[in-house]
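Worksheet: one structure, shown below.
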Number of protein chains: 2
Amino acid sequence: MKWIDFPDDRFVVNGLWWWEEHKPKLQRLPDRMKPSVPEAVWTLSQQPSGGRIRFATDATELAIRAHFPTLTYMNNMCRVGQMSVDPWIDGKCWLPVFPTGDNHDVEGSFGSVREAKRREVCLYLGLYAPAEIKSIGLSDGASIWSPAPFAVDKPVAYYGSSITQGGCATRPGLSYQAIVSRKLNLDFVNLGWSGAGRGETALAEAMAEIDASCYVIDFCQNCPTVEFLEEVYAPFLQTIRDIRPDTPMVCVTPIYSASEISVSGSERLDGMREVIRTAVAHRERLGDAQIELVEGYDLLGPDDHWGIVDSSHPNDLGFTAMANGLEPVLKRILF
Amino acid sequence: MKWIDFPDDRFVVNGLWWWEEHKPKLQRLPDRMKPSVPEAVWTLSQQPSGGRIRFATDATELAIRAHFPTLTYMNNMCRVGQMSVDPWIDGKCWLPVFPTGDNHDVEGSFGSVREAKRREVCLYLGLYAPAEIKSIGLSDGASIWSPAPFAVDKPVAYYGSSITQGGCATRPGLSYQAIVSRKLNLDFVNLGWSGAGRGETALAEAMAEIDASCYVIDFCQNCPTVEFLEEVYAPFLQTIRDIRPDTPMVCVTPIYSASEISVSGSERLDGMREVIRTAVAHRERLGDAQIELVEGYDLLGPDDHWGIVDSSHPNDLGFTAMANGLEPVLKRILF
């Protein structure tokens, strides 16, 4: 086994847009944004959801050494989804490596195989906890090549809530963005902020720094009230548009929530859906031809009720439904 | 809100076969078996996987008070799957109630609705932790009726490993048995033992006490070696057959495991598959017309690789695949 320290230029990092600014730290925003974004967002930015390490190799054994500074457990999400390194190799799930118990440092094998042939490696980083990659192990004598290119040069950039961040996939490669991106061979950047996706201008500006193929705006469940959303939603879109006048933008209304069984939950989310519909219609009337509304119910609606683990977070069934619903939309826009 | 202490004859308990012997304790084996089963099995028997509380009501609000004696977190399974009370009402997921943080006692609402009409309530109990139900809350003036009958009087009884016990569904109603039983309106009993499903005679005898419509034998991953399985497998079937000569029996070979990427993992499971095939073929040659082999790969095979959260435990995608694969088998046998 040959251990190669990370980072190394032979290992391509995708999904962390400002990687060259902050490497070797695996974070979702550059340090310079720390003063301008909410503290909660900054903390969450240390969780590399959507980050991937990609390369091709003919190694017959692949392993990793990683450090997880924060060891926690969630009620609605398992630790594997929260903080594993999740290897998809030639599109197939190998063994995720994750910390057990109180061990911050992990060394683990993704699997070993007989045949030495070129394979495309994509290591998805954890969705909900900071991670440090120390080194990547390959069987002796293995070659490393550049990974296969994406079908579209620019990534799709997502802004949103905990759902967007990846709660509650059981493994990092099962967030809805990861699923749909594999289906269409797309790159993506995840700016979903658990509990803190509230449409601040600083985050719209951050989004607009990303030279994206498409923006998917998927927040609002984090907004405390319909009125709060109404105040921030149109300005959020406008901030992005001022900087990126022509980039396609997909505005998603809330997916189904189990809280909609109750009258109050239903009224709140229906109100938010109406705010988003109105804002998109307004922009269309202003002549914005690159904006599109996607109804959350078309991604995960009441018929997908078993796709939610708690009140509102999709499980793997829910994220698969969301990816299936988003796939034709992105296909039409990008191809 | 009217709180009714549990147990109460108006609330039907299914899935805990010896309920009348051990109530109010929600456990999977009766106390008299404690001396004869392995200690690990006894401990796991205090986890009421497969247990359900069923009734019909026109209540517009439903709530529960429960106590969870053991609060733990798992790496590959979230707490909601492990220890929530998971309400499926008229077949639709409402809000699961589960302990947060260090709170052993929980009072929570499953949801409240406007329309007072008869609804079928099925409360799935947690898959991987002991639970005590204290009382069930219904809106004032609500009626309670007997739940709708199952399509087949006798339950399907499952014996197996951690996968059988329900690892790693995100909610109790998403174990593969729960899914397939909803599809076919079947009752079921879960005698899956995490890490401890090793084919002991005492467990075969326990299975045979259950007057089942069908036995599904799904263990072996817990056996340390192929040779170990070979020693216990045929005698396990024989013990059940001695007591229940005519009950249909389904023998399942191991589903796909991510460990099969590696040569050693593949050899071990392939060897176990062969042991099971041989044992079933032998019984068929002896004239057993009520035994059937189901290949694990037909339930969850290599093409379902993303349906596994770690090395071997299905996530909700995997359990859905297993349920879909088992459905036509049980349908043919039982209907």
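Only this structure's heavy atoms are used, side chains among them; waters, hydrogens and symmetry mates stay out. As the structure is a computational prediction, the values presented were derived from the model and not from experiment. To find a chain, count down the sequence lines: A is the first, B the second, and so on, and within it residues start at 1.
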Quiz item: Among B/Ser84, B/Ser109, B/Ser257, B/Ser112, which has the most heavy-atom pairs under 4.5 Å with chain A?
Solution: B/Ser112
Quiz item: For chain A, which residues of residues 122-131 of chain B have at least one non-hydrogen atom nearer than 4.5 Å to it?
Solution: none
Self-check item: Heavy-atom side-chain proximity of B/Arg171 to A/Trp306 below 4.5 angstrom
Solution: no
Practice problem: Report, by ascending residue number, the residues of residues 308-324 of chain A in heavy-atom contact with chain B at a distance under 4.5 Å; give 'none' if the set is empty. | Solution: A/Ile308, A/Val309, A/Asp310, A/Ser311, A/Asn315, A/Asp316, A/Leu317, A/Thr320
Quiz prompt | Closest approach of A/Cys78 to B/Asn76 (non-hydrogen atoms, all atoms of both residues) | solution = CB-C, 3.5 Å
Exercise. Sort out for me which of B/Asp86, B/Asn75, B/Thr170 touches chain A most, counting heavy-atom pairs under 4.5 Å.
Key: B/Asn75
Quiz item: Do A/Ser262 side-chain atoms and B/Gly111 backbone N/O form a donor-acceptor pair below 3.5 Å?
Solution: no
Quiz item: Are any non-hydrogen side-chain atoms of A/Ile261 and B/Val113 less than 4.5 angstrom apart?
Solution: yes
Quiz item: Which answer fits A/Pro99, side chain, backbone, both or neither, if we ask what part of it has an atom under 4.5 Å from a heavy atom of chain B?
Solution: backbone
Quiz item: In terms of heavy-atom pairs under 4.5 Å, which option from B/Gly81, B/Gly173, B/Ala258 contacts chain A the most?
Solution: B/Ala258
Quiz item: Taking side chain as C-beta onward, heavy atoms only, is B/Trp88 less than 4.5 Å from A/His305?
Solution: yes
Self-check item: Salt bridge present between B/Lys92 and A/Glu260 (N-O < 4.0 angstrom)
Solution: no
